[in-house]
Asker: 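Encoded as C-alpha coordinates, here's the structure I'll be asking about.
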Amino acid sequence: MNSARRSGWASGLLLGAWLLVVGWQVQEHRRVVGAAQLDLRSRSHEIAGTLSAVTRAFRFRGTIFQENLELVLGELVSNRTASVVKLMYVGLLNTNGEPVVAVGDTNLLSHETLAGSEIWSADHVTLVLPIESASVSPEGQTNGATVVLPGPPRNGRDFSRRGPRPNDNSVGATNELTGNHFPPPPTNGELEPPPPPPDQGRRPPEGGDRPRGGRGRLPWLRGMPDDEYNALLAKHELHWLVLAMSTDNYRAVCTHDLWLRFVIGFFAGVSALGAGLAWRNIGRTAELQIRLVRASELNSHLKELNLAAAGLAHETRNPLNIIRGQAQMLSRLPEAAPEVREKSRIIVDETDKVTAQLTEFINYSRPREVRRTGVILTAAAHEIVRTLGLDIEEKQLHVEVGGEALVVEADDQLLRQVLFNLLINAIQAAEAKGRIQLVVQRAGATEAVVEVRDDGPGVPPENRQEIFKPYFTTHQKGTGLGLAVVQQIVLAHGWEITCLANEPRGAVFRITHLKIAA
(Lines give C-alpha, C1' and ligand atoms only; values in the text may rest on other atoms or scores of the structure.)
Protein backbone atom coordinates (compact mmCIF):
# COMPACT_ATOMS: atom_id res chain seq x y z
CA MET A 1 0.00 0.00 0.00
CA ASN A 2 2.81 2.41 0.87
CA SER A 3 4.64 1.52 -2.35
CA ALA A 4 1.53 2.20 -4.44
CA ARG A 5 1.04 5.52 -2.66
CA ARG A 6 4.64 6.54 -3.30
CA SER A 7 4.30 5.59 -6.97
CA GLY A 8 1.13 7.69 -7.22
CA TRP A 9 2.85 10.71 -5.70
CA ALA A 10 5.84 10.32 -8.01
CA SER A 11 3.60 10.00 -11.09
CA GLY A 12 1.64 13.08 -10.06
CA LEU A 13 4.81 15.15 -9.59
CA LEU A 14 6.21 14.07 -12.96
CA LEU A 15 2.90 14.85 -14.68
CA GLY A 16 2.80 18.26 -13.00
CA ALA A 17 6.37 19.00 -14.11
CA TRP A 18 5.54 18.03 -17.68
CA LEU A 19 2.41 20.22 -17.69
CA LEU A 20 4.51 23.08 -16.34
CA VAL A 21 7.00 22.68 -19.20
CA VAL A 22 4.15 22.53 -21.74
CA GLY A 23 2.58 25.68 -20.29
CA TRP A 24 5.94 27.43 -20.41
CA GLN A 25 6.39 26.49 -24.08
CA VAL A 26 2.88 27.71 -24.92
CA GLN A 27 3.65 31.04 -23.27
CA GLU A 28 6.97 31.31 -25.12
CA HIS A 29 5.24 30.57 -28.42
CA ARG A 30 2.72 33.32 -27.76
CA ARG A 31 5.60 35.67 -27.02
CA VAL A 32 7.31 34.79 -30.32
CA VAL A 33 4.04 35.26 -32.23
CA GLY A 34 3.55 38.65 -30.56
CA ALA A 35 7.11 39.66 -31.44
CA ALA A 36 6.55 38.65 -35.08
CA GLN A 37 3.34 40.68 -35.20
CA LEU A 38 5.12 43.65 -33.62
CA ASP A 39 7.80 43.37 -36.31
CA LEU A 40 5.13 43.62 -39.01
CA ARG A 41 3.63 46.68 -37.30
CA SER A 42 7.07 48.29 -37.07
CA ARG A 43 7.67 47.73 -40.77
CA SER A 44 4.27 49.23 -41.57
CA HIS A 45 5.22 52.34 -39.62
CA GLU A 46 8.52 52.49 -41.48
CA ILE A 47 6.66 52.41 -44.80
CA ALA A 48 4.26 55.03 -43.50
CA GLY A 49 7.22 57.21 -42.49
CA THR A 50 8.68 56.88 -45.97
CA LEU A 51 5.37 57.93 -47.53
CA SER A 52 5.16 60.86 -45.12
CA ALA A 53 8.59 62.06 -46.17
CA VAL A 54 7.54 61.75 -49.82
CA THR A 55 4.35 63.73 -49.27
CA ARG A 56 6.28 66.52 -47.54
CA ALA A 57 8.83 66.65 -50.33
CA PHE A 58 6.34 66.71 -53.19
CA ARG A 59 3.55 68.71 -51.56
CA PHE A 60 2.70 72.09 -53.04
CA ARG A 61 0.07 74.12 -51.21
CA GLY A 62 -1.13 70.97 -49.43
CA THR A 63 -1.44 69.17 -52.77
CA ILE A 64 0.44 66.22 -54.26
CA PHE A 65 0.17 65.33 -57.90
CA GLN A 66 -1.38 61.93 -58.37
CA GLU A 67 1.07 60.83 -61.07
CA ASN A 68 4.08 61.45 -58.81
CA LEU A 69 2.52 59.64 -55.85
CA GLU A 70 1.56 56.64 -57.98
CA LEU A 71 5.16 56.31 -59.14
CA VAL A 72 6.41 56.28 -55.55
CA LEU A 73 3.78 53.77 -54.40
CA GLY A 74 4.49 51.54 -57.38
CA GLU A 75 8.19 51.56 -56.52
CA LEU A 76 7.39 50.49 -52.93
CA VAL A 77 5.21 47.61 -54.09
CA SER A 78 7.54 46.40 -56.84
CA ASN A 79 10.77 46.69 -54.78
CA ARG A 80 10.40 43.32 -53.02
CA THR A 81 14.09 42.91 -52.28
CA ALA A 82 14.31 46.02 -50.19
CA SER A 83 12.63 44.38 -47.20
CA VAL A 84 11.99 40.97 -45.82
CA VAL A 85 8.26 41.71 -45.88
CA LYS A 86 6.50 41.67 -49.24
CA LEU A 87 4.19 44.66 -49.75
CA MET A 88 1.10 43.53 -51.64
CA TYR A 89 -1.07 46.66 -51.59
CA VAL A 90 -0.74 50.34 -50.67
CA GLY A 91 -3.79 52.59 -50.65
CA LEU A 92 -4.51 56.16 -49.60
CA LEU A 93 -8.20 56.62 -48.79
CA ASN A 94 -10.44 59.62 -48.30
CA THR A 95 -12.95 60.19 -45.51
CA ASN A 96 -15.51 57.82 -47.04
CA GLY A 97 -12.95 55.01 -47.30
CA GLU A 98 -12.68 55.35 -51.07
CA PRO A 99 -9.22 54.85 -52.55
CA VAL A 100 -7.66 58.07 -53.82
CA VAL A 101 -4.38 56.45 -54.85
CA ALA A 102 -3.93 52.66 -54.78
CA VAL A 103 -1.22 50.39 -56.09
CA GLY A 104 -1.15 46.60 -55.91
CA ASP A 105 -3.87 43.98 -55.58
CA THR A 106 -7.01 46.08 -55.11
CA ASN A 107 -9.01 42.97 -54.17
CA LEU A 108 -7.32 43.03 -50.78
CA LEU A 109 -9.25 46.20 -49.84
CA SER A 110 -12.67 45.31 -48.46
CA HIS A 111 -15.50 47.30 -46.87
CA GLU A 112 -14.55 45.91 -43.48
CA THR A 113 -11.02 47.30 -43.77
CA LEU A 114 -11.75 50.51 -41.90
CA ALA A 115 -13.55 48.63 -39.13
CA GLY A 116 -10.29 47.81 -37.35
CA SER A 117 -6.68 48.76 -37.39
CA GLU A 118 -5.53 45.21 -38.20
CA ILE A 119 -7.15 42.49 -40.29
CA TRP A 120 -5.33 39.14 -40.42
CA SER A 121 -6.05 36.64 -43.17
CA ALA A 122 -4.46 33.43 -44.37
CA ASP A 123 -1.66 34.94 -46.45
CA HIS A 124 -1.56 38.67 -45.63
CA VAL A 125 -2.32 41.27 -42.99
CA THR A 126 -4.03 44.58 -43.66
CA LEU A 127 -3.04 47.54 -41.47
CA VAL A 128 -5.09 50.76 -41.44
CA LEU A 129 -3.23 53.85 -40.23
CA PRO A 130 -5.05 57.17 -39.79
CA ILE A 131 -3.72 60.39 -41.38
CA GLU A 132 -4.21 63.65 -39.50
CA SER A 133 -6.68 65.64 -41.61
CA ALA A 134 -8.11 69.14 -41.63
CA SER A 135 -10.96 70.85 -43.39
CA VAL A 136 -10.58 72.91 -46.54
CA SER A 137 -10.10 76.62 -45.90
CA PRO A 138 -12.21 79.27 -47.63
CA GLU A 139 -9.14 80.25 -49.64
CA GLY A 140 -9.18 76.89 -51.36
CA GLN A 141 -6.26 75.49 -49.36
CA THR A 142 -6.26 72.87 -46.63
CA ASN A 143 -5.33 73.50 -43.02
CA GLY A 144 -2.50 70.93 -42.84
CA ALA A 145 -4.32 68.23 -44.80
CA THR A 146 -2.76 66.46 -47.76
CA VAL A 147 -4.75 66.44 -50.99
CA VAL A 148 -3.95 64.38 -54.05
CA LEU A 149 -5.03 66.08 -57.27
CA PRO A 150 -4.36 65.41 -60.93
CA GLY A 151 -1.33 67.19 -62.36
CA PRO A 152 -1.42 70.11 -64.83
CA PRO A 153 -2.53 69.49 -68.38
CA ARG A 154 0.32 68.41 -70.61
CA ASN A 155 -0.78 70.63 -73.55
CA GLY A 156 -0.65 73.81 -71.54
CA ARG A 157 1.69 75.51 -69.17
CA ASP A 158 3.71 73.29 -66.90
CA PHE A 159 2.84 74.33 -63.37
CA SER A 160 4.47 71.46 -61.62
CA ARG A 161 7.17 72.04 -59.02
CA ARG A 162 10.76 71.54 -59.95
CA GLY A 163 11.73 70.58 -56.46
CA PRO A 164 10.92 71.27 -52.85
CA ARG A 165 10.43 74.89 -51.88
CA PRO A 166 13.16 76.53 -49.87
CA ASN A 167 10.86 77.04 -46.93
CA ASP A 168 9.60 73.43 -47.14
CA ASN A 169 12.87 71.58 -46.58
CA SER A 170 12.00 68.04 -45.51
CA VAL A 171 15.39 67.26 -44.03
CA GLY A 172 14.69 66.64 -40.38
CA ALA A 173 11.00 67.18 -41.01
CA THR A 174 8.56 65.37 -38.75
CA ASN A 175 6.58 62.44 -40.12
CA GLU A 176 2.90 63.33 -39.92
CA LEU A 177 1.94 59.65 -39.60
CA THR A 178 4.44 58.24 -37.13
CA GLY A 179 6.35 61.18 -35.68
CA ASN A 180 9.73 59.96 -37.08
CA HIS A 181 12.27 62.02 -39.01
CA PHE A 182 13.10 61.06 -42.56
CA PRO A 183 15.33 62.63 -45.27
CA PRO A 184 13.65 64.07 -48.35
CA PRO A 185 13.48 61.93 -51.50
CA PRO A 186 14.95 63.24 -54.77
CA THR A 187 12.91 65.70 -56.81
CA ASN A 188 11.06 64.73 -59.97
CA GLY A 189 12.71 67.35 -62.09
CA GLU A 190 9.50 69.23 -63.01
CA LEU A 191 9.28 72.97 -63.10
CA GLU A 192 7.96 74.89 -60.13
CA PRO A 193 5.30 77.53 -60.59
CA PRO A 194 6.06 80.94 -59.17
CA PRO A 195 5.13 81.20 -55.51
CA PRO A 196 1.94 83.09 -54.77
CA PRO A 197 2.27 86.59 -53.38
CA PRO A 198 2.51 86.57 -49.63
CA ASP A 199 -0.65 87.18 -47.76
CA GLN A 200 -0.12 90.38 -45.75
CA GLY A 201 -1.82 89.14 -42.64
CA ARG A 202 -5.05 88.59 -44.43
CA ARG A 203 -7.49 86.32 -42.63
CA PRO A 204 -10.53 84.53 -44.03
CA PRO A 205 -13.91 86.08 -43.32
CA GLU A 206 -15.90 84.80 -40.35
CA GLY A 207 -18.79 83.33 -42.26
CA GLY A 208 -16.65 80.83 -44.07
CA ASP A 209 -17.63 82.43 -47.40
CA ARG A 210 -14.86 82.03 -49.83
CA PRO A 211 -14.04 85.14 -51.96
CA ARG A 212 -14.56 84.68 -55.62
CA GLY A 213 -11.77 84.63 -58.15
CA GLY A 214 -10.11 81.34 -57.10
CA ARG A 215 -7.12 82.90 -55.33
CA GLY A 216 -4.97 80.21 -53.63
CA ARG A 217 -6.00 77.49 -56.06
CA LEU A 218 -3.80 75.68 -58.50
CA PRO A 219 -3.74 77.66 -61.72
CA TRP A 220 -5.51 75.04 -63.83
CA LEU A 221 -8.30 74.75 -61.22
CA ARG A 222 -9.08 78.45 -60.80
CA GLY A 223 -11.92 78.39 -63.27
CA MET A 224 -13.75 75.63 -61.36
CA PRO A 225 -16.86 76.65 -59.41
CA ASP A 226 -16.50 76.78 -55.63
CA ASP A 227 -18.86 73.93 -54.83
CA GLU A 228 -17.20 71.60 -57.35
CA TYR A 229 -13.77 72.61 -56.11
CA ASN A 230 -14.71 71.95 -52.48
CA ALA A 231 -16.19 68.57 -53.41
CA LEU A 232 -13.00 67.74 -55.34
CA LEU A 233 -10.88 68.62 -52.31
CA ALA A 234 -13.07 66.55 -49.96
CA LYS A 235 -12.94 63.57 -52.31
CA HIS A 236 -9.15 63.70 -52.72
CA GLU A 237 -8.23 64.60 -49.15
CA LEU A 238 -6.20 61.79 -47.49
CA HIS A 239 -7.52 60.34 -44.22
CA TRP A 240 -6.39 56.69 -44.21
CA LEU A 241 -3.30 54.76 -45.20
CA VAL A 242 -3.94 51.06 -45.93
CA LEU A 243 -1.04 48.61 -46.17
CA ALA A 244 -1.46 44.93 -47.12
CA MET A 245 1.70 42.96 -46.35
CA SER A 246 2.44 39.30 -46.96
CA THR A 247 2.62 37.08 -43.87
CA ASP A 248 4.87 34.42 -45.43
CA ASN A 249 7.84 35.30 -43.24
CA TYR A 250 5.58 35.73 -40.20
CA ARG A 251 3.98 32.31 -40.72
CA ALA A 252 7.40 30.72 -41.31
CA VAL A 253 8.70 32.12 -38.02
CA CYS A 254 5.57 30.99 -36.14
CA THR A 255 5.65 27.51 -37.71
CA HIS A 256 9.34 27.03 -36.93
CA ASP A 257 8.83 28.14 -33.34
CA LEU A 258 5.75 25.93 -32.98
CA TRP A 259 7.74 22.87 -34.10
CA LEU A 260 10.52 23.83 -31.72
CA ARG A 261 8.10 24.07 -28.80
CA PHE A 262 6.48 20.80 -29.81
CA VAL A 263 9.85 19.03 -29.87
CA ILE A 264 10.72 20.45 -26.44
CA GLY A 265 7.36 19.36 -25.04
CA PHE A 266 7.69 15.92 -26.65
CA PHE A 267 11.13 15.27 -25.20
CA ALA A 268 9.98 16.63 -21.84
CA GLY A 269 7.12 14.12 -21.94
CA VAL A 270 9.49 11.32 -22.92
CA SER A 271 11.79 12.30 -20.05
CA ALA A 272 8.90 12.36 -17.59
CA LEU A 273 7.66 9.00 -18.86
CA GLY A 274 11.16 7.53 -18.64
CA ALA A 275 11.59 8.86 -15.11
CA GLY A 276 8.21 7.38 -14.17
CA LEU A 277 9.10 4.00 -15.63
CA ALA A 278 12.49 4.10 -13.91
CA TRP A 279 10.81 4.88 -10.59
CA ARG A 280 8.33 2.09 -11.18
CA ASN A 281 11.11 -0.35 -12.04
CA ILE A 282 13.02 0.66 -8.92
CA GLY A 283 9.93 -0.03 -6.84
CA ARG A 284 9.35 -3.37 -8.54
CA THR A 285 13.00 -4.28 -8.15
CA ALA A 286 12.78 -3.56 -4.44
CA GLU A 287 9.66 -5.70 -4.17
CA LEU A 288 11.30 -8.51 -6.13
CA GLN A 289 14.34 -8.37 -3.90
CA ILE A 290 12.12 -8.67 -0.85
CA ARG A 291 10.29 -11.61 -2.43
CA LEU A 292 13.60 -13.18 -3.39
CA VAL A 293 14.83 -12.94 0.18
CA ARG A 294 11.61 -14.49 1.44
CA ALA A 295 11.78 -17.23 -1.22
CA SER A 296 15.39 -17.91 -0.27
CA GLU A 297 14.38 -18.24 3.38
CA LEU A 298 11.50 -20.53 2.41
CA ASN A 299 13.80 -22.57 0.16
CA SER A 300 16.26 -22.99 3.00
CA HIS A 301 13.43 -24.09 5.27
CA LEU A 302 12.20 -26.57 2.65
CA LYS A 303 15.70 -27.95 2.24
CA GLU A 304 15.89 -28.50 5.96
CA LEU A 305 12.52 -30.24 5.92
CA ASN A 306 13.63 -32.32 2.94
CA LEU A 307 16.77 -33.43 4.73
CA ALA A 308 14.78 -34.19 7.86
CA ALA A 309 12.23 -36.22 5.86
CA ALA A 310 14.99 -38.08 4.02
CA GLY A 311 16.69 -38.85 7.32
CA LEU A 312 13.42 -40.00 8.80
CA ALA A 313 12.77 -42.25 5.78
CA HIS A 314 16.25 -43.67 6.02
CA GLU A 315 15.89 -44.39 9.72
CA THR A 316 12.45 -45.93 9.14
CA ARG A 317 13.80 -48.53 6.74
CA ASN A 318 15.89 -50.22 9.47
CA PRO A 319 12.90 -51.12 11.70
CA LEU A 320 11.00 -52.23 8.60
CA ASN A 321 13.83 -54.56 7.66
CA ILE A 322 13.75 -56.01 11.20
CA ILE A 323 9.98 -56.50 11.01
CA ARG A 324 10.35 -58.18 7.59
CA GLY A 325 13.06 -60.50 8.91
CA GLN A 326 11.03 -61.50 11.96
CA ALA A 327 7.98 -62.19 9.81
CA GLN A 328 10.02 -64.43 7.52
CA MET A 329 11.41 -66.32 10.55
CA LEU A 330 7.89 -66.91 11.89
CA SER A 331 6.70 -68.23 8.56
CA ARG A 332 9.61 -70.73 8.41
CA LEU A 333 9.10 -72.29 11.88
CA PRO A 334 8.09 -75.98 11.62
CA GLU A 335 5.44 -75.68 14.28
CA ALA A 336 3.93 -72.50 12.71
CA ALA A 337 0.28 -72.84 11.81
CA PRO A 338 -0.83 -72.12 8.22
CA GLU A 339 -2.70 -69.02 9.44
CA VAL A 340 0.51 -67.67 11.00
CA ARG A 341 2.45 -68.31 7.84
CA GLU A 342 -0.19 -66.50 5.71
CA LYS A 343 -0.15 -63.46 7.98
CA SER A 344 3.65 -63.46 8.03
CA ARG A 345 3.64 -63.40 4.21
CA ILE A 346 1.25 -60.41 4.23
CA ILE A 347 3.55 -58.58 6.65
CA VAL A 348 6.54 -59.23 4.39
CA ASP A 349 4.68 -57.99 1.29
CA GLU A 350 3.45 -54.79 2.93
CA THR A 351 6.87 -54.15 4.42
CA ASP A 352 8.40 -54.46 0.95
CA LYS A 353 5.90 -51.90 -0.41
CA VAL A 354 6.70 -49.38 2.31
CA THR A 355 10.43 -49.98 1.90
CA ALA A 356 10.17 -49.40 -1.85
CA GLN A 357 8.29 -46.15 -1.33
CA LEU A 358 10.84 -44.95 1.21
CA THR A 359 13.65 -45.82 -1.19
CA GLU A 360 12.07 -43.84 -4.02
CA PHE A 361 11.35 -40.93 -1.70
CA ILE A 362 15.00 -40.88 -0.64
CA ASN A 363 16.04 -40.95 -4.31
CA TYR A 364 13.66 -38.10 -5.14
CA SER A 365 14.80 -35.91 -2.25
CA ARG A 366 18.49 -36.48 -2.93
CA PRO A 367 20.32 -33.53 -4.60
CA ARG A 368 21.24 -34.24 -8.22
CA GLU A 369 24.91 -33.63 -8.92
CA VAL A 370 25.60 -34.49 -12.54
CA ARG A 371 29.03 -35.89 -13.41
CA ARG A 372 29.09 -36.17 -17.16
CA THR A 373 30.96 -38.95 -18.94
CA GLY A 374 30.60 -40.74 -22.25
CA VAL A 375 27.82 -43.36 -22.08
CA ILE A 376 26.76 -45.72 -24.88
CA LEU A 377 22.97 -45.61 -24.81
CA THR A 378 22.27 -48.98 -26.42
CA ALA A 379 24.77 -50.81 -24.15
CA ALA A 380 23.23 -49.25 -21.02
CA ALA A 381 19.75 -50.16 -22.28
CA HIS A 382 20.72 -53.83 -22.83
CA GLU A 383 22.06 -54.05 -19.27
CA ILE A 384 18.83 -52.63 -17.83
CA VAL A 385 16.80 -55.14 -19.87
CA ARG A 386 18.87 -58.03 -18.48
CA THR A 387 18.34 -56.67 -14.95
CA LEU A 388 14.57 -56.71 -15.47
CA GLY A 389 14.59 -60.15 -17.06
CA LEU A 390 12.41 -61.81 -14.38
CA ASP A 391 9.70 -59.14 -14.66
CA ILE A 392 9.78 -59.39 -18.44
CA GLU A 393 9.51 -63.19 -18.39
CA GLU A 394 6.70 -63.07 -15.87
CA LYS A 395 4.47 -61.14 -18.34
CA GLN A 396 5.99 -62.81 -21.41
CA LEU A 397 6.87 -59.42 -22.94
CA HIS A 398 8.86 -58.83 -26.08
CA VAL A 399 11.46 -56.09 -25.47
CA GLU A 400 13.53 -54.62 -28.32
CA VAL A 401 16.51 -52.27 -28.07
CA GLY A 402 17.38 -50.69 -31.40
CA GLY A 403 18.91 -47.66 -33.05
CA GLU A 404 22.41 -46.28 -33.42
CA ALA A 405 25.13 -46.99 -30.87
CA LEU A 406 25.56 -43.29 -29.95
CA VAL A 407 27.79 -42.04 -27.15
CA VAL A 408 26.20 -39.21 -25.17
CA GLU A 409 27.44 -36.95 -22.40
CA ALA A 410 25.58 -37.93 -19.22
CA ASP A 411 25.94 -39.15 -15.66
CA ASP A 412 26.17 -42.95 -16.07
CA GLN A 413 24.37 -43.85 -12.84
CA LEU A 414 21.60 -41.26 -13.27
CA LEU A 415 21.06 -42.22 -16.92
CA ARG A 416 20.70 -45.88 -15.96
CA GLN A 417 18.16 -44.90 -13.30
CA VAL A 418 16.15 -42.97 -15.92
CA LEU A 419 16.11 -45.97 -18.28
CA PHE A 420 15.27 -48.34 -15.42
CA ASN A 421 12.29 -46.25 -14.26
CA LEU A 422 10.97 -45.82 -17.82
CA LEU A 423 11.21 -49.56 -18.54
CA ILE A 424 9.57 -50.45 -15.19
CA ASN A 425 6.75 -48.02 -16.06
CA ALA A 426 6.38 -49.62 -19.51
CA ILE A 427 6.38 -53.18 -18.03
CA GLN A 428 3.66 -52.17 -15.56
CA ALA A 429 1.57 -50.57 -18.33
CA ALA A 430 1.95 -53.35 -20.93
CA GLU A 431 -0.34 -56.31 -21.00
CA ALA A 432 0.78 -59.95 -21.12
CA LYS A 433 2.70 -60.85 -24.26
CA GLY A 434 2.96 -57.15 -25.07
CA ARG A 435 5.74 -55.32 -26.86
CA ILE A 436 8.19 -52.70 -25.56
CA GLN A 437 10.71 -50.79 -27.70
CA LEU A 438 13.69 -48.68 -26.64
CA VAL A 439 14.97 -46.73 -29.68
CA VAL A 440 18.02 -44.44 -29.92
CA GLN A 441 18.06 -41.97 -32.84
CA ARG A 442 20.19 -39.08 -34.02
CA ALA A 443 18.55 -35.62 -34.11
CA GLY A 444 20.98 -33.39 -35.96
CA ALA A 445 24.75 -33.42 -35.86
CA THR A 446 25.17 -33.00 -32.09
CA GLU A 447 21.95 -34.26 -30.45
CA ALA A 448 20.29 -37.61 -29.84
CA VAL A 449 16.76 -38.75 -28.96
CA VAL A 450 15.70 -41.70 -26.78
CA GLU A 451 12.17 -43.15 -26.95
CA VAL A 452 10.55 -45.84 -24.79
CA ARG A 453 7.38 -47.19 -26.43
CA ASP A 454 4.76 -49.63 -25.13
CA ASP A 455 1.43 -50.97 -26.41
CA GLY A 456 -0.49 -50.58 -23.19
CA PRO A 457 -3.64 -48.49 -22.62
CA GLY A 458 -1.70 -45.24 -23.03
CA VAL A 459 -1.98 -41.98 -21.09
CA PRO A 460 -4.99 -39.66 -21.50
CA PRO A 461 -4.09 -36.23 -22.91
CA GLU A 462 -5.18 -34.46 -19.71
CA ASN A 463 -2.75 -36.57 -17.64
CA ARG A 464 0.34 -36.28 -19.84
CA GLN A 465 1.69 -33.39 -17.80
CA GLU A 466 0.40 -34.58 -14.43
CA ILE A 467 2.19 -37.96 -14.48
CA PHE A 468 5.54 -36.23 -13.87
CA LYS A 469 4.32 -34.76 -10.57
CA PRO A 470 5.16 -36.56 -7.28
CA TYR A 471 2.68 -39.21 -6.04
CA PHE A 472 0.57 -39.09 -9.20
CA THR A 473 0.15 -42.62 -10.60
CA THR A 474 -2.29 -44.60 -12.71
CA HIS A 475 -1.01 -48.04 -11.58
CA GLN A 476 -2.25 -49.83 -8.50
CA LYS A 477 1.24 -50.95 -7.53
CA GLY A 478 2.93 -47.66 -8.44
CA THR A 479 4.38 -45.26 -5.88
CA GLY A 480 3.94 -42.08 -7.98
CA LEU A 481 7.61 -41.09 -7.67
CA GLY A 482 9.21 -43.02 -10.55
CA LEU A 483 8.43 -40.53 -13.33
CA ALA A 484 8.99 -37.59 -10.96
CA VAL A 485 12.53 -38.86 -10.37
CA VAL A 486 12.98 -39.27 -14.13
CA GLN A 487 11.97 -35.66 -14.82
CA GLN A 488 14.20 -34.44 -12.01
CA ILE A 489 17.25 -36.18 -13.52
CA VAL A 490 16.34 -35.05 -17.06
CA LEU A 491 16.08 -31.40 -16.01
CA ALA A 492 19.38 -31.66 -14.11
CA HIS A 493 21.06 -32.68 -17.40
CA GLY A 494 19.32 -29.91 -19.39
CA TRP A 495 17.21 -32.34 -21.39
CA GLU A 496 13.44 -32.47 -22.02
CA ILE A 497 10.97 -35.32 -21.59
CA THR A 498 7.47 -35.52 -23.06
CA CYS A 499 4.69 -38.09 -23.05
CA LEU A 500 3.05 -38.76 -26.41
CA ALA A 501 0.54 -41.18 -27.85
CA ASN A 502 1.84 -44.33 -29.55
CA GLU A 503 0.26 -45.67 -32.71
CA PRO A 504 -1.94 -47.65 -32.84
CA ARG A 505 -2.09 -47.76 -29.02
CA GLY A 506 0.08 -47.20 -26.01
CA ALA A 507 2.40 -44.41 -24.89
CA VAL A 508 5.75 -42.97 -25.92
CA PHE A 509 8.18 -41.30 -23.50
CA ARG A 510 10.65 -39.21 -25.50
CA ILE A 511 13.84 -37.63 -24.12
CA THR A 512 15.40 -34.95 -26.38
CA HIS A 513 18.49 -32.67 -26.47
CA LEU A 514 20.94 -35.36 -25.40
CA LYS A 515 24.36 -34.08 -26.46
CA ILE A 516 26.43 -36.53 -28.49
CA ALA A 517 30.01 -36.84 -27.19
CA ALA A 518 32.79 -35.78 -29.54
Side-chain angles (χ1 to χ4, degrees), residues 1-14 273-318 354-373 375 408-422 425 447 450 462-473 478-499 509-515:
M1 184 65 181
N2 294 332
S3 178
R5 183 176 300 176
R6 286 195 301 269
S7 299
W9 278 104
S11 301
L13 290 176
L14 291 174
L273 181 61
L277 292 177
W279 178 270
R280 183 180 180 184
N281 291 334
I282 291 174
R284 287 188 173 182
T285 302
E287 293 180 358
L288 290 176
Q289 289 178 349
I290 294 174
R291 292 181 180 179
L292 184 60
V293 171
R294 293 177 179 175
S296 178
E297 294 176 354
L298 181 60
N299 190 25
S300 300
H301 181 64
L302 291 177
K303 286 183 178 180
E304 294 176 358
L305 290 178
N306 192 18
L307 292 176
L312 178 61
H314 181 72
E315 295 297 330
T316 305
R317 286 194 303 180
N318 295 331
V354 176
T355 302
Q357 291 180 354
L358 291 176
T359 302
E360 291 189 0
F361 175 76
I362 293 172
N363 291 333
Y364 180 75
S365 61
R366 182 184 303 166
R368 303 299 176 183
E369 296 181 1
V370 179
R371 297 179 177 88
R372 298 179 185 270
T373 58
V375 181
V408 297
E409 296 180 358
D411 189 300
D412 187 18
Q413 182 179 0
L414 295 180
L415 179 59
R416 292 174 183 273
Q417 186 174 358
V418 168
L419 297 178
F420 180 85
N421 289 354
L422 290 178
N425 184 74
E447 292 186 357
V450 178
E462 62 273 10
N463 294 336
R464 290 174 185 172
Q465 294 294 333
E466 302 293 328
I467 58 176
F468 295 104
K469 294 182 179 180
Y471 300 107
F472 181 88
T473 180
T479 60
L481 289 175
L483 293 178
V485 172
V486 168
Q487 187 182 46
Q488 190 181 56
I489 297 174
V490 166
L491 294 179
H493 281 81
W495 305 334
E496 290 184 5
I497 183 171
T498 54
C499 178
F509 288 87
R510 178 182 298 168
I511 302 176
T512 57
H513 304 301
L514 283 81
K515 186 177 181 181

Asker: Closest approach of Val485 and Gln417, non-hydrogen atoms and distance?
Answerer: CG1-NE2, 3.5 Å
Asker: Are any of the side-chain heavy atoms of His493 and Val418 separated by less than 4.5 Å?
Answerer: no
Asker: Compare every heavy atom of Gly494 with every heavy atom of His513, then report the nearest pair and how far apart it is.
Answerer: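 The pair with the smallest heavy-atom distance is CB-O, 4.3 Å.
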Asker: Just how far is it from atom OG1 of Thr498 to atom CD of Glu496, taken to the nearest 0.5 Å?
Answerer: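 Reported value, rounded in 0.5 Å steps: 8.0 Å.
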Asker: Is there a side-chain contact between Gln487 and Leu483, using heavy atoms and a 4.5 Å cut-off?
Answerer: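 Side chain of Gln487 against side chain of Leu483, heavy atoms only: no contact under 4.5 Å found.
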Asker: How far apart are the closest heavy atoms of Leu415 and Ala410, and which atoms are they?
Answerer: CD2-CB, 4.2 Å
Asker: Supply the atom-to-atom distance Arg372 CZ to Leu414 CG, rounded to the nearest 0.5 angstrom.
Answerer: 10.0 Å
Asker: Can we say Arg294 and Glu297 salt-bridge, meaning some charged N sits less than 4.0 Å from an Asp/Glu carboxylate O?
Answerer: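 No, no charged N to carboxylate O under 4.0 Å.
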Asker: Donor-acceptor check, side chain of Ser296 to backbone of Leu292, threshold 3.5 angstrom: yes or no?
Answerer: no
Asker: Kindly give the heavy-atom pair with the smallest separation between Leu422 and Ile497, and that separation in Å.
Answerer: CD2-CD1, 4.4 Å
Asker: Please determine whether the number of non-hydrogen atoms from other residues, nucleotides or ligands lying under 6.0 Å from atom CD of Gln413 exceeds 12.
Answerer: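 For Gln413, atom CD is not crowded (no more than 12 foreign heavy atoms under 6.0 Å).
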Asker: Measuring from Arg416:CZ to Leu419:CG, what's the distance to the nearest 0.5 Å?
Answerer: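 Between atom CZ of Arg416 and atom CG of Leu419 there are 8.5 Å.
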Asker: Report yes if some heavy atom in the side chain of Phe509 is under 4.5 Å from a heavy atom in the side chain of Ile467; otherwise report no.
Answerer: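 Phe509 reaches Ile467 side chain to side chain.
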Asker: Could you tell me whether the side chain of Asn425 reaches within less than 4.5 Å of the side chain of Val486, counting heavy atoms only?
Answerer: no
Asker: Of the non-hydrogen atoms in Trp495 and Ile511, which two are nearest, and what is the gap between them?
Answerer: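 The pair with the smallest heavy-atom distance is CE3-CG2, 4.0 Å.
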